[in-house]
Amino acid sequence: MTVIDLGVPSLGPAEPAPTSGPLVDTFGRIATDLRVSLTDRCNLRCTYCMPAEGLDWLPGEQLLRPDELTRLLRIAVTRLGITNVRFTGGEPLVAKHLEDVVAATAALRPRPEIMLTTNGIGLDKRAAKLTRAGLDRINVSLDTVDAARFAHITRRDRLHDVLAGLEAAKAAGLSPVKVNAVLDPITGLDDAVALLRFCLDHGYQLRIIEQMPLDAGHAWTRGETIAADDVLAALRRHFELRPDAAPRGSAPAQLWEVDGGRGKVGIIASVSHAFCSACDRTRLTADGQVRNCLFARQETDLRTLMRGGADDAVLEAAWRAAMWAKAAGHGINDPGFVQPDRPMSAIGG
């Protein structure tokens, strides 16, 4: 049985995708980092992500079952060369089977590094369990340490829960705990300074991420977001920043040493200084779709293949074909750029 037999369209260029070896695209980039969305649901309503009333969540029967997800993770690690797995959402802590999935991933050989990106709500009760299950590292989303601004951005008064989650993650040994921040267009530069002070004081590592066109309302406007260069200029008024000496490699964040080694801060300039040429990511949505780019307009449906009886070789071939067709870049800065239909909460961070 072939991929074509099972109805998967031929998306790649004339040359067929390799049948073995690393998960490569036609530009020679090798994907070793898998982002796995466990759910599209979230318990916050961040203004840059979704409307106040939320979204129409995926029906339960469309989501991957734990056994289906575990099977795809095994294929990714043992057949496609994935070495890093990051679980995302929506909000992954909403997924009741999170610890079981982490444990199943930790049992794979060769064992991948296992990471989690979360908004931190409920993390104080689960950080230790996740560590025991095999979680290695964690990123917690936090856009401001001002309670009123937090409530405005997220439409929820839950800053205290996030701070408790950060403390629990550090206590559980998930160090270095990283903090992800998407800055508000109005208060963001002040928030960046306060966030860096907070992270330095608590031993966390701050990552500031440029806001990307992935909102549910498709209202993103470049002129209403804060660019990386503006963030650096604001931070330099309060801190001494020097480029980190370690090679960046495929990491999305450009790192800076703060105040002579007191800590580090990362800037992820996905829009203004795109790093697509070094991208090493492949993505799996909660409903079993492979995406070769965060901004891809096409997906490859592994869930339907599995439920139709496809064996591991067919699933592997479909995944390879999807990545083989990856574009040179996300195209945000192209005149004809079209935002993907799915918002960030449905794709996975």
Side-chain angles (χ1 to χ4, degrees), residues 9 11-13 17 23-38 40 42 46-50 55 58 82 84 86-90 117 139 141 180 182-183 185 207-228 250-254 266-302 318-349:
L11 301 177
L23 188 55
V24 65
D25 64 35
T26 59
F27 299 94
R29 295 169 297 194
I30 296 173
T32 57
D33 186 327
L34 171 60
R35 302 296 171 106
V36 180
S37 175
L38 296 178
D40 61 329
C42 188
C46 295
T47 54
Y48 53 81
C49 186
M50 66 176 68
L55 298 168
L58 288 166
I82 294 299
N84 299 277
R86 179 177 294 276
F87 294 110
T88 70
T117 296
N139 290 52
S141 298
N180 290 353
V182 177
L183 300 179
R207 298 289 187 272
I208 297 176
I209 307 170
E210 285 185 336
Q211 185 178 332
M212 294 176 281
L214 289 166
D215 57 304
H218 291 206
W220 180 89
T221 302
R222 183 186 305 272
E224 295 180 3
T225 63
I226 297 176
S250 60
Q254 176 69 54
I267 308 294
I268 301 179
S270 307
V271 177
S272 62
H273 300 285
F275 40 86
C276 300
S277 63
C279 182
D280 64 351
R281 295 180 182 176
T282 182
R283 297 174 182 275
L284 182 65
T285 66
D287 56 345
Q289 313 297 308
V290 168
R291 297 179 65 90
N292 57 28
C293 173
L294 187 60
F295 294 90
R297 300 286 298 169
Q298 295 174 309
E299 299 175 332
T300 297
D301 187 354
L302 298 187
W319 205 325
R320 288 185 181 278
M323 294 307 297
W324 188 242
K326 185 172 183 173
H330 54 46
I332 293 176
N333 298 305
D334 297 342
F337 172 75
V338 178
Q339 182 173 335
D341 294 330
R342 293 212 205 202
M344 175 68 90
S345 60
I347 295 172

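Heavy atoms only: backbone and side chains are in, while hydrogens, waters and symmetry mates are out.
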Checklist line | N/O donor-acceptor pair under 3.5 Å between H330 side chain and S270 backbone | finding: yes

Margin query: Would you compute the distance between atom CG of L284 and atom CD1 of I82 and round it to the nearest 0.5 angstrom?
Written below: 10.5 Å

Item checked: Minimum-distance pair of heavy atoms, taken over all atoms of F27 and K326 -> CE1-O, 3.4 Å

Next item on the list: Determine the minimum heavy-atom distance between L23 and T282, stating which atoms define it.
Entry: CD2-CG2, 4.1 Å

Next item on the list: Taking all non-hydrogen atoms of both residues into account, name the closest pair between S37 and G348 and its distance.
Entry: CB-CA, 3.9 Å

Notebook entry, point to check: Rounded to the nearest 0.5 Å, how far apart are CZ of R207 and OG of S141?
Noted result: 13.0 Å

Checklist line | Atom pair CG/CG of D33 and N84 - distance to nearest 0.5 Å | finding: 5.0 Å

Next item on the list: Answer whether the closest heavy-atom distance between the side chains of Q254 and H273 falls below 4.5 Å.
Entry: no

Notebook entry, point to check: Shortest non-hydrogen contact from L55 to S345?
Noted result: CD1-OG, 3.5 Å

Notebook entry, point to check: Looking at side-chain heavy atoms only, is the closest gap between L294 and R283 below 4.5 Å?
Noted result: yes

Note to self: Any side-chain to backbone donor/acceptor pair from R29 onto A328? Under 3.5 Å, distance only.
What the structure shows: yes

Margin query: Using every non-hydrogen atom in the two residues, find where A31 and M323 come nearest and quote the distance to one decimal.
Written below: CB-CE, 4.0 Å

Next item on the list: Could you tell me which non-hydrogen atom of L58 sits nearest to which non-hydrogen atom of D40, and how far apart they are?
Entry: N-OD2, 2.9 Å

Check: Can you tell me how far CD of Q298 sits from SG of C293, rounded to the nearest 0.5 angstrom?
Finding: 12.0 Å

Notebook entry, point to check: Hey, are E210 and S272 close enough side-chain-wise for a donor-acceptor pair under 3.5 Å?
Noted result: yes

Next item on the list: Only counting residues at least two apart or in another chain, list the ones meeting salt bridge (Lys or Arg N to Asp or Glu O under 4.0 Å) with R86.
Entry: none

Item checked: Inter-residue atom distance F275.CZ - D280.CG, 0.5 Å rounding -> 10.0 Å

Next item on the list: Taking the side chain as every heavy atom from C-beta outward, state whether T225 and V271 have any pair of such atoms under 4.5 Å apart.
Entry: no

Notebook entry, point to check: Does the N292 side chain pair with the main chain of A322, one donor and one acceptor, at a distance under 3.5 Å?
Noted result: yes

Next item on the list: Could you check if a side-chain atom of Q339 sits within less than 4.5 angstrom of a side-chain atom of I332, using non-hydrogen atoms only?
Entry: no

Item checked: Any side-chain heavy-atom pair of L38 and T88 under 4.5 Å -> no

Note to self: Is there a side-chain contact between F87 and T117 in this structure, where contact means two heavy atoms from C-beta onward sitting under 4.5 Å apart?
What the structure shows: no

Margin query: Return the CG to CH2 distance between L34 and W319, rounded to the nearest 0.5 Å.
Written below: 5.0 Å

